[in-house]
Amino acid sequence: MQIEWTLKKFDALTPFHVYDILHLRSQIFVVEQKCIFEDADYKDQVSMHLMGYDNHQLIAYTRLVPPGEIYKEPSIGRVVTRASARGTGIGRALMQQSIDHLYTFFGKQNIKIGAQIYLKRFYESFGFIETGAVYLEDGIEHIHMVKNFES
């Protein structure tokens, strides 16, 4: 697998990028996870978009949200990998690149995420720690987690 990573602001995305992103997000979050939710939340326009392509197919994606938009801290959201790419290490590469890019663009500070509970250990492996009680978002259990810059 030869991944081509691309990071773009919203206004630099082509219509093809937008379609690829929305397709992958709906394929996983809506169809696979059987969750009806409003994906278009007006956070995309202020965010950076990290895309991992393999052979011209989007297989990994995150949205890097600036501080003050969702949380006081910058955030990584809409973390998604194509089902066929799971187990290859692409998710780890995606998260590490996301963390590195957040530090580059928004400064070295804490990062806050709202994580699906079943991925808690995955995020802990990057230094994120649980910071609150489990809550339901769109019918799926989530937990707030923070990665302190020093960790």
Side-chain angles (χ1 to χ4, degrees), residues 1-126 128 135-147:
M1 193 178 305
Q2 184 68 28
I3 307 303
E4 179 186 329
W5 295 101
T6 303
L7 179 71
K8 293 187 179 280
K9 291 182 177 182
F10 184 80
D11 59 1
L13 295 172
T14 69
F16 296 100
H17 288 127
V18 173
Y19 189 89
D20 287 347
I21 291 166
L22 294 176
H23 180 263
L24 183 59
R25 287 180 359 187
S26 68
Q27 187 178 48
I28 304 306
F29 297 131
V30 177
V31 177
E32 181 181 303
Q33 295 183 352
K34 297 173 179 46
C35 179
I36 298 171
F37 78 109
E38 191 171 356
D39 188 26
D41 62 358
Y42 291 98
K43 301 298 185 216
D44 287 320
Q45 293 91 328
V46 297
S47 299
M48 301 287 292
H49 302 269
L50 179 61
M51 301 164 283
Y53 281 88
D54 180 39
N55 199 23
H56 305 289
Q57 181 180 47
L58 183 64
I59 62 167
Y61 167 84
T62 57
R63 175 171 80 174
L64 309 180
V65 185
E69 290 296 329
I70 297 176
Y71 308 113
K72 178 183 77 166
E73 306 88 347
S75 184
I76 301 167
R78 300 294 200 261
V79 179
V80 62
T81 57
R82 187 171 298 281
S84 61
R86 294 183 194 145
T88 65
I90 190 70
R92 294 201 65 74
L94 176 66
M95 275 307 295
Q96 190 57 61
Q97 285 223 14
S98 297
I99 292 165
D100 293 345
H101 285 304
L102 268 184
Y103 288 156
T104 298
F105 285 97
F106 305 123
K108 295 185 176 179
Q109 58 183 298
N110 295 350
I111 300 169
K112 186 171 184 176
I113 62 173
Q116 291 184 0
I117 195 76
Y118 82 95
L119 291 167
K120 182 177 176 240
R121 285 191 184 142
F122 173 73
Y123 293 118
E124 286 173 338
S125 72
F126 291 94
F128 285 89
Y135 63 94
L136 281 180
E137 183 175 311
D138 303 313
I140 298 174
E141 289 185 327
H142 283 70
I143 190 103
H144 284 122
M145 301 183 83
V146 172
K147 175 177 176 53

Find the distance between [atom1] ([X]) and [atom2] ([Y]) and round it off to the nearest 0.5 Å.
{"X": "Ile99", "Y": "Lys108", "atom1": "CD1", "atom2": "NZ", "value": "12.5 Å"}
{"X": "Ile70", "Y": "Ile76", "atom1": "CD1", "atom2": "CD1", "value": "11.5 Å"}
{"X": "Asp41", "Y": "Glu69", "atom1": "CG", "atom2": "CD", "value": "10.0 Å"}
{"X": "Ser75", "Y": "Lys43", "atom1": "OG", "atom2": "NZ", "value": "10.5 Å"}
{"X": "His49", "Y": "Thr6", "atom1": "NE2", "atom2": "OG1", "value": "13.0 Å"}

Do the non-hydrogen side-chain atoms of [X] and [Y] ever get within less than 4.5 Å of each other?
{"X": "Asp44", "Y": "Val18", "result": "no"}
{"X": "Tyr71", "Y": "Val146", "result": "no"}
{"X": "Ile59", "Y": "Thr88", "result": "no"}
{"X": "Pro66", "Y": "Pro74", "result": "no"}
{"X": "Gln97", "Y": "Asp100", "result": "no"}
{"X": "Ile143", "Y": "Tyr123", "result": "no"}
{"X": "Lys72", "Y": "Lys112", "result": "no"}
{"X": "His142", "Y": "Ile140", "result": "yes"}

Shortest non-hydrogen separation from [X] to [Y] and the atoms involved:
{"X": "Ala93", "Y": "Trp5", "result": "CB-CZ2, 4.0 Å"}
{"X": "Lys147", "Y": "Tyr103", "result": "CE-OH, 3.5 Å"}
{"X": "Glu137", "Y": "Tyr135", "result": "OE1-CE1, 3.5 Å"}
{"X": "Val65", "Y": "Leu102", "result": "O-CD2, 4.3 Å"}
{"X": "Phe29", "Y": "Val79", "result": "CZ-O, 3.4 Å"}
{"X": "Lys8", "Y": "Ala12", "result": "CD-O, 3.6 Å"}

- Task: Can you sort out the partners of Ala83 under side chain to side chain contact (heavy atoms under 4.5 Å, CB included), two or more places apart, ordered by chain and number?
- Result: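 Side chain to side chain contact (heavy atoms under 4.5 Å, CB included) list for Ala83, sorted by chain: Glu32, Arg86.
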
- Query: Can you list the residues that meet the side chain to side chain contact (heavy atoms under 4.5 Å, CB included) rule with Asp138, with sequence neighbours excluded?
  - Reply: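 Partners of Asp138 by the side chain to side chain contact (heavy atoms under 4.5 Å, CB included) criterion, ordered by chain and then number, come out as Cys35, Phe37.
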
- Does the side chain to side chain contact (heavy atoms under 4.5 Å, CB included) test come out yes or no for Phe128 and Ile113, once each step is laid out? CA-CA 9 Å; Phe128 285 89; Ile113 62 173; 3.9 Å; yes

- Message: Would you say CG of Leu136 has more than 12 non-hydrogen atoms from neighbouring residues, nucleotides or ligands within 6.0 angstrom?
- Response: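 Buried by this count: over 12 neighbours within 6.0 Å.
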
- Message: If you count every heavy atom of other residues, nucleotides or ligands that lies below 6.0 Å from Glu4 atom CD, does the total exceed 12?
- Response: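 Atom CD in Glu4 is not crowded, with 12 or fewer foreign heavy atoms closer than 6.0 Å.
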
- Message: Quick check on side chain to side chain contact (heavy atoms under 4.5 Å, CB included): which of Ile111, Leu7, Thr62 does Ser98 satisfy it with?
- Response: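 It is Thr62; the other options fail the test.
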
- Item | Candidate pair Asp54 and Ile90, rule side chain to side chain contact (heavy atoms under 4.5 Å, CB included), full reasoning | CA-CA 11 Å; Asp54 180 39; Ile90 190 70; over 6 Å; no

- Ignoring hydrogens and geometry, is there a side-chain-to-backbone donor-acceptor pair from Thr81 to Ala60 under 3.5 Å?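 Judged by distance alone, no pair lies under 3.5 Å.
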
- Message: Any side-chain to backbone donor/acceptor pair from Arg78 onto Tyr61? Under 3.5 Å, distance only.
- Response: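 A pair under 3.5 Å: no.
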
- Does Arg63 make a cation-pi contact with Phe10, if we ask for NZ or CZ under 6.0 Å from the ring centre and within 45° of the axis?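 Not flagged: Arg63 not positioned over aromatic ring of Phe10.
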
- Query: Yes or no on side chain to side chain contact (heavy atoms under 4.5 Å, CB included) for Glu73 and Phe106, after CA distance, side-chain angles and deciding distance?
  - Reply: CA-CA 9 Å; Glu73 306 88 347; Phe106 305 123; over 6 Å; no

- Under 6.0 Å between ring centres, would you say that holds for Phe122 and Tyr118?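 Phe122 vs Tyr118: aromatic centres not under 6.0 Å.
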
- Query: Between Arg92 and Ser125, does a side chain to side chain contact (heavy atoms under 4.5 Å, CB included) hold up when you go through it step by step?
  - Reply: CA-CA 9 Å; Arg92 294 201 65 74; Ser125 72; 2.9 Å; yes

- Not counting sequence neighbours, list each pair that qualifies as a side chain to side chain donor-acceptor pair (under 3.5 Å) and has a residue in residues 9-19.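 As it turns out, the side chain to side chain donor-acceptor pair (under 3.5 Å) pairs with a partner in residues 9-19, which skip direct neighbours, are Thr14-His17.
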
